[in-house]
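Position 1 is the first residue of the sequence; numbering continues from there. Atoms within a ligand are numbered from 1 in the order they appear, just like the ligands themselves.
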Amino acid sequence: MSTDPNCIFCKIINKKIPAKIIHEDEHAIAFEDLNPQAPVHTLIVPKKHIADIHSMTITDRELIGHLFFIAKRIASDKGLDRGGYRMVINNGLDAGQTVFHLHLHLLSGRIFSWPPG
Ligand code: 5GP
Ligand code: ZN
């Protein structure tokens with residue numbers, strides 16, 4: 001499994017720093033965002049260190065799909081499908097990415113505007 005000792009999310013995956021983990025399996029982990037931007041703000045993260053969506057390879061396709069499937073299951077568990085939810089992947093500095101370990105944001109519990117800021 002590809003890991004980066006300097007990466008904050010790899011440290012969470014390897015239990016070097018704490019997080020409020022709500023799902024974990026062989027390939028991915030989901031935990032609550034430290035600085036939530038909505039009443040529900042969960043991050044779904046592959047255990048493999050992939051810097052961003054642009055760095056994914058053909059072999060990562062199933063893994064990325066897995067992240068969305070976990071997000072959907074968390075949304076079901078939390079009853080988010082009634083009002084709706086937003087899923088976001090920031091790719092690169094201009095898009096607002098700050099942690100360069102690929103992650104899917106699951107946001108819900110308020111009304112979101114469009115276009116995004
Ligand atoms: P990005 O801006 O890269 O799309 O999202 C990174 C997210 O990770 C931000 O929403 C930020 O609040 C969250 N984050 C950064 N460091 C930590 C941490 O140590 N623990 C947790 N739980 N979330 C973090
Ligand atoms: Zn990492």
Quick one: does G96 get an N or O within less than 3.5 Å of an N or O on ligand 1?
yes
Using a plain distance cutoff, I'd like to know if H41 has any nitrogen or oxygen under 3.5 Å from a nitrogen or oxygen of ligand 1.
no
For the pair D25 and H66, evaluate side-chain hydrogen bond (donor to acceptor under 3.5 Å, both in side chains) and give the outcome as yes or no after the intermediate values.
CA-CA 11 Å; D25 61 46; H66 183 59; 2.9 Å; yes
Taking all non-hydrogen atoms of both residues into account, name the closest pair between A71 and L106 and its distance.
O-CD2, 3.8 Å
Report the distance from atom NE2 of H27 to atom CG of L67, rounding to the nearest 0.5 Å.
11.0 Å
Taking heavy atoms and a distance under 4.0 Å, where does L43 meet ligand 1: side chain, backbone, both or neither?
side chain
If every non-hydrogen atom of D81 is compared with every non-hydrogen atom of S76, which pair is closest and at what distance?
OD1-CA, 4.5 Å
Could you list which atoms of ligand 1 come closer than 4.0 Å to a heavy atom of E32?
22 (N)
Considering non-hydrogen atoms only, spot the tightest contact between R86 and S113 and give its length.
NH2-O, 3.0 Å
If you count the atoms of ligand 1 from 1 in the order shown, which ones are under 4.0 Å from a heavy atom of I12?
20 (N)
Nearest-contact summary for atom 1 (P) of ligand 1 - protein heavy atom, Å
H103 NE2, 3.1 Å
Measuring from non-hydrogen atoms of Q37 to any atom of ligand 1, is the shortest distance under 4.0 Å?
no
Kindly say whether T98 contributes a backbone atom to a donor-acceptor pair with the side chain of N90 at under 3.5 angstrom?
no
Counting non-hydrogen protein atoms only, what is the nearest one to atom 19 (O) of ligand 1? Give residue, atom name and distance.
I8 CG1, 3.6 Å
Can you report which non-hydrogen protein atom sits closest to atom 12 (O) of ligand 1, along with the distance?
D33 OD1, 2.5 Å
Within a strict 4.5 Å, meaning less than it, do heavy atoms of the F112 and L107 side chains meet?
yes
Looking at I21, T98, N35, the heavy atom closest to atom 3 (O) of ligand 1 belongs to T98
Out of the candidates K47, K16, H49, only one should pair with C10 under the side-chain contact (heavy atoms from CB on, under 4.5 Å) rule; please name it.
H49
Ranking F100, F31, F9 by closest non-hydrogen atom to atom 16 (N) of ligand 1, top hit is F9
Heteroatom distance test (L34, ligand 1): nitrogen or oxygen, under 3.5 angstrom:
yes
With ring centroids as reference points, do H103 and H101 lie under 6.0 angstrom apart?
no
Shell of protein N/O/S atoms around the Zn ion (ligand 2), taken as anything under 2.8 Å:
C7 SG, C10 SG, H49 ND1, H101 ND1
What's the shortest heavy-atom distance between L43 and F9, and which atoms?
CD1-CZ, 3.7 Å
Report the part of V99 in contact with ligand 1, treating N, CA, C, O as backbone and CB onward as side chain, heavy atoms under 4.0 Å; options are side chain, backbone, both, neither.
both
